[in-house]
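Scroll down for the structure; my scribbles are underneath it.
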Amino acid sequence: MDYFRAVYIADERSHRSLSLTTEVIHLNAGNYTVWHFRRLVLEALNVDLCLERDFIDRLAVRNSKNYQIWHHRRWVAEKLGTEASERELEFTKKILDLDAKNYHAWSHRQWVLQALGGWQNELAYCDKLLQYDIFNNSAWNQRYFVISRSPLLGGLRAMRESEVGYTILAILANPENESPWRYLRGLYQGETELLVSDNQISEVCLKILKTNQSSVFALGLLLDLLCYGFQPSGELRGVIESSRNLEAGSADSNLATSICSILEAVDPMRSNYWGWRRSRISSQVC
Amino acid sequence: MDELESDKHVKYILSIEKKKDDVEALLMEHLRINGAYWGLTTLDILHKISAVDPEEVISWVMKCYHEDCGGFGGNIGHDPHLLYTLSAVQILALFDRIDVLDAEKVSIYVAGLQNEDGSFSGDMWGEIDTRFSYCAICCLSILHCLNKINVEKAVNYIVSCKNLDGGFGCTPGGESHAGQIFCCIGALAITGSLHHVDRDLLGWWLCERQCKNGGLNGRPEKDADVCYSWWVLSSLIMIDRVHWIDKDKLTRFILNCQDKENGGISDKPNYAVDVFHTYFGVAGLSLMEYPGLKSIDPAYALPVDVADW
Ligand SMILES: [Zn+2]
């Protein structure tokens with residue numbers, strides 16, 4: 001450390017300095033001043049950055065949550081340019097294989113796609129991760145990133161129909177999974193009328209409530225639909241009312257109020273939220 | 001129910017300064033000023049800031065200052081960075097000694113890190129993250145120098161990081177994460193721009209972060225961790241939705257993460273304590289108005305009697 005301090009203060013941009021930074025980084029990869037100095041040295045010595053990339057490859061597995069390493073990696077990749085894209089995607093994949101929710105890796109990956117390209121297989125990659133763990137919110141987020149930003153897919157609207165189908169299957173497989181419920185709403189962002197009028201949405205809620213009357217996410221989405229003006233079928237009404245009768249006996253003024261009462265009972269930790277939702281139901285709502 | 005072991009936490013925080021040779025000290029060396037800020041703020045919330053000598057702290061903080069550029073490093077001899085510049089300014093505010101600064105110079109350093117799209121870099125190397133937007137805006141607001149940046153662009157950049165769940169990520173398209181949400185909401189609150197937030201949608205997402213054990217997580221399907229008591233609660237307070245979580249359960253979770261023997265609070269029950277989680281736990285309790293604690297400002301992350309500029 002003292003040797004490093006000496007060359008740092010003398011601003012000695014030499015091979016000796018480079019290996020001293022390597023040593024210090026091995027002791028504490030979080031020391032950002034050392035990384036800064038290393039970049040100055042790399043620039044001065046005109047080092048082949050592919051070698052630097054190998055160096056980070058070796059370090060990253062042990063330090064995958066270290067901001068400095070990721071930033072340094074980006075600096076290197078940026079200098080290497082578009083041909084680095086594939087390697088970078090492969091690198092983040094390696095880290096995500098170990099921790100599929102690593103925030104830095106996802107952030108780097110999004111930057112690589114946007115700055116260097118390589119979108120071709122990204123939707124398939126999201127699918128692969130979701131098949132492995134359908135609860136992975138990071139992979140759902142990446143999926144939304146791809147369908148809304150990939151230059152190859154035509155954007156959210158073009159993707160909506162197939163994505164709704166995909167998401168509904170995920171919901172049916174694991175109704176307690178928060179992510180696909182939010183993703184489904186996101187597919188209709190800013191277009192609530194479409195959300196309300198698409199029968200698939202209310203049908204998936206009904207299907208789930210038939211087997212589990214207290215599904216928080218199904219009830220929550222149904223509540224939103226009703227608040228947006230959705231007209232429920234008799235069957236749907238029947239399912240809610242029968243579960244409401246199990247809960248209490250009192251009559252509610254409308255279906256949305258019943259749903260809130262059920263939610264207050266089955267999700268007691270958030271009963272204030274559901275109580276607030278109930279207080280906001282307008283008289284026009286079913 | 002457990003109680004808050006205030007005296008032991010004070011003792012723990014004061015003891016950290018003394019052990020400078022172990023591995024933890026080495027790993028913390030470059031962000032010592034950050035640790036100092038969290039430790040000192042915790043002491044203040046616990047009404048024990050008088051246990052440290054202000055002059056000693058202030059002269060050390062000023063040794064981390066880079067006169068040439070106006071930024072602060074994480075420790076003596078470390079390069080300037082926005083993260084540590086904010087910590088330095090917060091520490092000086094804590095002692096009501098902003099006057100030792102050349103506010104003009106510091107604010108020029110901070111303002112110089114704003115990019116064309118309104119985002120902020122952490123330092124001259126250009127890493128961009130909404131964390132840095134918060135650091136810059138909080139810092140400049142404390143220095144009364146927000147007019148040095150393009151606030152409108154800064155706000156628009158943050159808004160561009162909003163996601164379908166109402167939360168915010170580190171860059172546009174980045175996954176919502178409670179820590180990033182705190183930064184974005186804090187920056188929007190300080191600049192009077194909370195109308196850009198869908199409070200009900202975000203509030204619901206944030207209260208969904210409460211797990212069965214009462215603790216809060218930072219993203220869906222992650223474990224509860226004491227630090228999110230701060231990031232989530234402060235955000236909920238800023239958008240006026242904190243009553244949507246179960247405070248009793250959260251209080252119990254935090255108290256259960258205390259080291260009742262040697263003081264300090266850990267991220268999860270029975271894990272090793274550290275100064276950061278000690279702050280997050282104590283500050284979280286303060287936000288929930290736990291008796292005997294100073295109240296803390298959710299946007300500036302400083303006690304409210306300090307944050308009254
Ligand atoms: Zn934590």
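Order of the sequence lines sets the chain letters (A, B, ...), proteins ahead of strands, with each chain counted from 1. Keep in mind that this is a model prediction, so the values were computed, not measured.
Both the backbone and the side chain of A:F135 have a heavy atom closer than 4.5 Å to some heavy atom of chain B. Within the 4.5 angstrom heavy-atom criterion, only side-chain atoms of A:H71, from C-beta onward, approach chain B. Of the atoms belonging to A:R109, not a single heavy atom falls under 4.5 Å from chain B. With a threshold of 4.5 angstrom between heavy atoms, A:R74 does not approach chain B through any atom at all. Interface remark: A:Y8 contributes side-chain atoms only to the contact with chain B (heavy atom separation under 4.5 Å). For A:F217, the part lying under 4.5 angstrom from a heavy atom of chain B is the side chain only. Contacts between A:R185 and chain B at a heavy-atom distance below 4.5 Å involve the side chain alone, from C-beta outward. Neither the backbone nor the side chain of A:W140 comes within less than 4.5 Å of any heavy atom of chain B. Of the two parts of A:L40, the backbone and the side chain both hold a non-hydrogen atom closer than 4.5 Å to a non-hydrogen atom of chain B.
Between B:R219 and A:E178 no salt bridge is recorded (no basic side-chain N to carboxylate O distance below 4.0 Å). Note on A:E43 versus A:K79: salt bridge recorded, some NZ/NE/NH1/NH2 to OD/OE distance being below 4.0 Å. Between A:E88 and A:R73 there is a salt bridge, since at least one side-chain N of the basic residue sits less than 4.0 Å from a carboxylate O of the acidic one.
Counting only heavy atoms from C-beta outward, the side chains of A:N31 and A:I25 never approach each other to under 4.5 Å.
Between atom CG of residue A:L187 and atom CD1 of residue A:I147 there is a gap of 5.0 Å, rounded to the nearest 0.5 Å.
Side-chain contact, A:Y32 with B:D123: no donor N or O sits under 3.5 Å from an acceptor N or O.
Here B:Q210 is the residue among B:H81, B:Q210, B:K249 with the most heavy-atom pairs under 4.5 Å with chain A. For the set B:D129, B:D200, B:L31, the count of heavy-atom pairs under 4.5 angstrom toward chain A peaks at B:D200. Note on B:G74, B:P80, B:P172: by heavy-atom pairs under 4.5 Å with chain A, the leading option is B:P172.
Counting non-hydrogen atoms of other residues, nucleotides and ligands closer than 6.0 Å to CZ of A:R157 gives a total of 12 or fewer.
When the heavy atoms of residues 271-278 of chain A are compared with those of chain B, the residues falling under 4.5 Å are A:N272, A:Y273, A:W274, A:W276, listed by number.
The aromatic rings of A:F37 and A:F4 lie perpendicular to each other, with more than 60° between the two planes, well past the 30° mark.
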